[in-house]
Amino acid sequence: VTLAGKGFSAKAQVTFGGKDVLSVNVLSPFVIKVQTKAHPAGPAQIRITNPDGQDFVSKQPFLFVLPPQVDKVFPLQGTDKGGTPVVLWGKDFLPGAKVFFGNKAATDVHVVSPTAMTVRTPAGTADAHAKVRVDNPDGQSALSAQLFKWVDDSKIGPKPELLKLLPATGPTSGGTWGLLDGKNLQKDAWLILGVVPAATTDVKDPAVARFVTAPSPVTATVDAIVVQPDGGFGLLKDAFKYTDPSTLSPAPKIVGVDPD
């Protein structure tokens, strides 16, 4: 961490939240570089104390955050040509995070929430495996326990076909229940709306899947993508519209049933 100011003594001491740091390097009376120790997540006040007893506490606290955690990668295989949509679920993903399959950078990285992100795979060598790494912009990283496998296209089944979504609109707050009509849907396939993975996807048969939308950060008309466990995927352009909840009519409500 770099601290900028003035009046720093060559032997100044620095604490974060009342705890000493690992190292202090006073570069000049105006700049100090420090290396923090492990610290519980949350804000911590920075205090600089000169040997003569004068000190200063920063008005803006330093925020310690937890490292990311990758709990699930889906799908676990995709074409060696790259470009397979992949959903990562976990914890403490930060905006601006980068994702790597082995040492290869993923593309189209979208941190949807602290617990979900979507990416596109890089190209790889058929039958090669790689762990998935998430690098948060604060320097903390996490590796998946699961391995992703690149495969030849001959090992991927028929491409799923998306015909329509009912309803084709819902609030950005999420929670919309819907049906997806399609073809060649595999069990455990997952729906992505734009860059937002659905909260749930339940494939009833190769032609029908139920889904529940997750919250979206923006109002927009988005493409629908279905990703299969074998790495195949299909797309329907402009299939779903996320709307502002404040513009919708009141939700339906049942207040009685006759006869009961």
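All of these numbers come straight from a predicted model, not from anything done at the bench.
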**side-chain contact (heavy atoms from CB on, under 4.5 Å) assessment of Val65 paired with Leu63** = CA-CA 6 Å; Val65 296; Leu63 183 62; 4.0 Å; yes
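- In this model, a donor atom of one side chain and an acceptor atom of the other lie less than 3.5 Å apart for Ser141 and Asp135.
- Between the Asp52 side chain and the Gln54 main chain, a donor and an acceptor come within less than 3.5 Å of each other.
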Report the C-alpha separation of Asp153 and Lys155 in whole Å, then their side-chain angles, then the decisive distance to 0.1 Å, and conclude whether the salt bridge (Lys or Arg N to Asp or Glu O under 4.0 Å) test is met. CA-CA 5 Å; Asp153 287 346; Lys155 296 184 179 179; over 6 Å; no
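- Pairing each heavy atom of Thr201 with each of Leu191, the nearest pair is OG1-N, 3.1 Å.
- Between Phe74 and Trp89, the two ring planes are tilted [angle within 30° to 60°].
- For the residue pair Asp230 / Gln228, no side-chain donor-acceptor distance below 3.5 Å is found, with atom types taken as modelled.
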Item to complete: Please lay out, stage by stage, how Thr79 and Val151 fare under the test side-chain contact (heavy atoms from CB on, under 4.5 Å).
Response: CA-CA 5 Å; Thr79 174; Val151 298; 5.7 Å; no
- Would Val227 and Val87 satisfy side-chain contact (heavy atoms from CB on, under 4.5 Å), going step by step from the backbone distance to the final call? CA-CA 9 Å; Val227 187; Val87 182; 5.8 Å; no
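- Salt bridge Asp223/Lys237: present, at least one basic N to carboxylate O contact under 4.0 Å.
- Counting only heavy atoms from C-beta outward, the side chains of Pro114 and Asp92 never approach each other to under 4.5 Å.
- With 3.5 Å as the limit, one finds no donor-acceptor pair spanning the side chains of Asp188 and Gln186.
- By the 6.0 Å and 45° rule, Arg120 stacks over the aromatic ring of Phe233.
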